[in-house]
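Since the structure is predicted, the reported quantities are computational estimates derived from the model, not experimental observations.
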Amino acid sequence: MSTHRPRIAVVGAAAAGLAAAEGLRRLGWDGEIALIGDEPHLPYDRPPLSKQILSGAWEPQRTALRDTEQIAALGLDLRLGTRALAYDPARRVLTLGDDGHTELRCVGVIAATGVTPRSLPGTDGVEGVHVLRTVEDACALRRRLATPGRRLAVVGTGVLGAEAAAVARALGHEVTLVGTGDTVMERVLGAEVGGLLADVHRAQGVTLRTGQAVTGVRAEAGRAVGVVLADGSTVEADDVLLAIGSDPAVGWLRGPGAGTAGPDLTDGLRCDEFCAAAPGLYGAGDIARWYHPVLRRELRIEHRMNASEQGLAAARNLLAELDPERFGERRPFTPVPYFWSDQYDLKLQAHGVLTGADRIEVRTLGKDPLRLAALYGGDGLATGVLAIGLPPRRTRGLRALIATPVPWPEAVARLADAVDA
């Protein structure tokens, strides 16, 4: 490729990065696009890793977001298996590679490097200790679960831990789900709904050790044999999955050249309502913490739908900054956040923001199987809605409750109408 053409670099080659690269081309960018990813694979989808890949229902290649011909048609400078080391926002220079010798001068950069899973001290190199972020992670645990009668300890009762526990239990393994909360997914769903979901896991045969912190993994001869809890007890296990959260992958943005005036990297890359962190620097996906002007708060969302939507928004707004006459004005990024989770035969679907609610209204329609709708609110407004086990028609009707800010009493009344319709 000619070095005389202006270049935009997209750092991160998963869903958000691919959406950004495709958006740049679709919107008319005819300069270079460097798509940089630290994994050696073409962009692939992550949600199936804890479900279809782990269960063995899919082979890894089915997670590919695009085939080689579709990627080739974008005309990318594709750099897979390559790490970003640093970005100098003043010079707009991106440094790549372990040796730090490759520099790319860019007119703009879209940061979409996602998150890295947290681990526990002393677990590096211990056989049978797993995280679940990459396709290699999922396949490694899948191989272990191919042996019947395994004992799996899942540390973390969030969505990833709950999904993996459901898959392992459906495969017939002995599963213990351990977490500091009192229920499953309590931080997001609240105590009442989390308790109902915990009952589902118990009914399926999962052992729950709630309200318990894990202090370490017990190993013998370099192999995990269990996890040690804060009360001194041990959960015996052949394999341990650490699903204890993740951290935004922002290290390259604080590398050499960023200087003291670099972007705010507190809990991700801080962006404005346009997804801009600095002139020529935009964030998308799990890494981005941006201001949502409709919800009037900063959000950082680790969900698949947001990654694709924000990748396109970042591409559009970067182009508008570079050439407003050609690409128009920038637009605030104001989505209705959405996520889903599959656990056993249940589908959980949530719209808006559930976390941090100061009031929750739950309408339980059945417990075997679990069916419910829940409304979440804060500061007198409805902020989010959750459906478990409801058909798509009802779920779409619930979304309308929080598409625009609605006072809490009105939203509660409309919740009843939507559920009973």
Side-chain angles (χ1 to χ4, degrees), residues 14-15 38-41 44-64 114-179 184-185 201 204-209 214 216-229 234-247 249 286 302 304 340-344:
D38 60 359
E39 294 184 62
H41 314 289
Y44 65 89
D45 216 6
R46 296 192 192 277
L49 299 184
S50 60
K51 298 182 279 288
Q52 293 92 340
I53 298 299
L54 191 59
S55 70
W58 288 12
E59 292 305 313
Q61 59 267 27
R62 189 169 172 181
T63 64
V115 294
T116 56
R118 295 174 186 151
S119 188
L120 288 175
T123 57
D124 287 348
V126 177
E127 183 181 348
V129 177
H130 307 264
V131 294
L132 196 49
R133 176 64 181 173
T134 68
V135 68
E136 286 84 5
D137 295 336
C139 288
L141 182 54
R142 169 175 160 171
R143 287 192 294 270
R144 303 279 290 194
L145 296 181
T147 302
R150 305 291 289 180
R151 298 170 301 171
L152 175 67
V154 180
V155 184
T157 54
V159 61
L160 179 62
E163 288 182 347
V167 167
R169 186 69 197 112
L171 292 173
H173 300 292
E174 181 181 320
V175 180
T176 302
L177 188 56
V178 185
V184 174
M185 294 178 62
H201 281 272
Q204 294 289 337
V206 173
T207 299
L208 266 69
R209 298 292 299 272
V214 170
V217 172
R218 188 158 67 86
E220 294 178 0
R223 300 173 63 182
V225 295
V227 294
V228 181
L229 307 186
T234 298
V235 174
E236 295 183 353
D238 305 302
D239 289 276
V240 177
L241 172 61
L242 301 178
I244 53 178
S246 54
D247 297 306
D286 298 1
E302 297 181 22
R304 171 66 174 81
W340 78 94
S341 175
D342 296 315
Q343 299 175 36
Y344 309 108

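Considering only heavy atoms from C-beta on, Ser246 comes within 4.5 Å of Glu302 through its side chain. In this structure, the side chains of Trp340 and Arg304 come closer than 4.5 Å at one or more pairs of heavy atoms. Looking only at side-chain heavy atoms (C-beta outward), Val135 and Leu49 come within less than 4.5 Å of each other. Within the 4.5 Å cutoff, the side chain of Arg144 has heavy atoms near those of the Glu127 side chain.
Scanning all heavy atoms of the two residues, the minimum distance from Ile244 to Ser119 falls at CD1-O, 3.5 Å. In this structure, Leu152 and Ala237 approach most closely via the heavy-atom pair C-CB, 4.5 Å. Closest approach of Val129 to Ala224, counting heavy atoms only: CG2-CB, 3.9 Å. For the pair Met185 and Gly158, the tightest heavy-atom approach, listed with the atom from each and the gap, is CG-C, 3.7 Å. Here the closest non-hydrogen pair linking Gly56 and Arg142 is CA-CZ, 3.7 Å. Among all heavy-atom pairs drawn from Ala138 and Ile53, the shortest one is CB-CG2, 3.8 Å.
Taken to the nearest 0.5 Å, the CZ atom of Arg46 stands 7.0 Å off from the OG1 atom of Thr134. Considering CG of Leu132 and CG of Leu54, their distance stands at 6.5 Å, rounded to 0.5 Å. Summarising the geometry, atom CZ belonging to Arg151 is positioned 6.5 Å from atom CD belonging to Glu174; distances are rounded to the nearest 0.5 Å. One finds the CD atom of Glu236 at 6.5 Å from the CZ atom of Arg218 (value rounded to the nearest 0.5 Å). Residue Leu177 holds its CG atom at 9.5 Å from CG of Leu241, rounded to the nearest 0.5 Å. Asp342 CG to Ser50 OG: the interatomic distance, rounded to the nearest 0.5 Å, is 9.0 Å.
By the ring-ring contact (aromatic ring centres under 6.0 Å, His included) test, His41 is found to be paired with Tyr44, residues two or more places apart in sequence or in another chain being considered. Remark: Val214 pairs with Leu120, Val155, Val178, Val227, Leu229 by the side-chain contact (heavy atoms from CB on, under 4.5 Å) rule, at least two apart or across chains.
Arg133 and Asp286 are joined by a salt bridge, as a carboxylate oxygen and a charged side-chain nitrogen come within less than 4.0 angstrom of each other.
His130 places no side-chain N or O within 3.5 Å of a backbone atom of Asp239 that could act as its donor or acceptor partner. For the pair Arg223 (side chain) and Gly128 (backbone), a donor-acceptor distance under 3.5 Å is absent. Arg169 places a side-chain N or O within 3.5 Å of a backbone atom of Gln204 that can act as its donor or acceptor partner.
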#### Entry: Criterion side-chain contact (heavy atoms from CB on, under 4.5 Å) on Trp58 and Lys51, from CA distance to verdict
CA-CA 9 Å; Trp58 288 12; Lys51 298 182 279 288; over 6 Å; no
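Val131 pairs with exactly one of Leu242, Val240, Thr123, Leu160 by the side chain to side chain contact (heavy atoms under 4.5 Å, CB included) rule, that one being Leu242.
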